[in-house]
Amino acid sequence: KQEVTQIPAALSVPEGENLVLNCSFTDSAIYNLQWFRQDPGKGLTSLLLIQSSQREQTSGRLNASLDKSSGRSTLYIAASQPGDSATYLCAVSISGGYQKVTFGIGTKLQVIP
Amino acid sequence: SQTIHQWPATLVQPVGSPLSLECTVEGTSNPNLYWYRQAAGRGLQLLFYSVGIGQISSEVPQNLSASRPQDRQFILSSKKLLLSDSGFYLCAWTSGRYEQYFGPGTRLTVT
């Protein structure tokens, strides 16, 4: 059974700092890995999708890496801003006729002005 | 572009009452559709998924059911709500790249 762990559970940083969020998964036979952002009381917003054959993806100040063999992914946020404050979730999927996705509980990020 | 709608946004229902939550997707055809529940401090739990009209699979035995009467419509139902059904319900669909997109969610409180 796939398990996804995100560390730390919560993080508070001053504005402008670069930061790294970690995600680990137990079964390396994944199809893809997706990072999401969730604001309080809202749905999930997709940030980055990394296919199993890829090593990293970048979007603006965000960079996500994937190391399947070690079961790890990191989300790097450069020059953090107060608007980045949210919960960040990692999700891994396997393919089998439909996309079975396992989510981590998330890292709650607070960026202090 | 694709858009996913959910309603209602919030719902307060007494124990034993029925439930109907609706999800619709615009801008795509024949999507895979999913219902998730998110409880405080826990990860998202997959409840149901559908690969086509009338095709529903359940991940977890529970007090809920799902239906897909149209290609882009997904409905979550219950005949009698339990206190444990409270939570944040999210509908999602997947693209051809198997990228998941989520709706805004429904906050359900069972009293």
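Chain letters run A, B, ... following the sequence lines, proteins first, then strands; residues in each count from 1.
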- Item | Transitive ILVMFWY side-chain link Leu76(B) to Trp93(B), under 4.5 Å | yes

- Common cluster, Tyr36(B)/Leu89(A), ILVMFWY with side-chain heavy-atom separation under 4.5 Å: yes

- Is there a path of hydrophobic side-chain contacts, each under 4.5 Å between heavy atoms of I, L, V, M, F, W or Y residues, that connects Phe102(B) with Phe88(B)? yes

- Any donor-acceptor N/O pair, Asn32(A) side chain to Tyr98(B) backbone, under 3.5 Å: yes

- Item | Per-residue contact mode, Leu90(B) against chain A (heavy atom under 4.5 angstrom) | side chain

- Task: Answer yes or no: is there a side-chain heavy-atom contact under 4.5 Å between Val101(A) and Tyr34(B)?
- Result: no

- Message: Same cluster or not: Leu47(B) versus Leu108(B), using hydrophobic residues (I, L, V, M, F, W, Y) connected whenever any side-chain heavy atoms lie under 4.5 Å apart?
- Response: yes

- Which members of residues 102-113 of chain A, sorted by number, sit under 4.5 angstrom from chain B on a heavy-atom basis? Phe103(A), Gly104(A), Ile105(A)

- Message: Suppose a student defines contact as a heavy atom less than 4.5 Å from any heavy atom of chain B. Which residues in residues 37-66 of chain A would they list?
- Response: Gln38(A), Gly41(A), Lys42(A), Gly43(A), Leu44(A), Ser46(A), Leu49(A), Gln51(A)

- Query: For Gln38(B), is it the side chain, the backbone, both, or neither that has a heavy atom closer than 4.5 Å to a heavy atom of chain A?
  - Reply: side chain

- Report whether Ile56(B) and Trp35(B) are members of the same hydrophobic cluster (ILVMFWY, side-chain heavy atoms less than 4.5 Å apart, transitive linking). yes

- Message: What's the separation between atom CD in Glu99(B) and atom CD in Gln34(A), rounded to the nearest 0.5 Å?
- Response: 5.0 Å

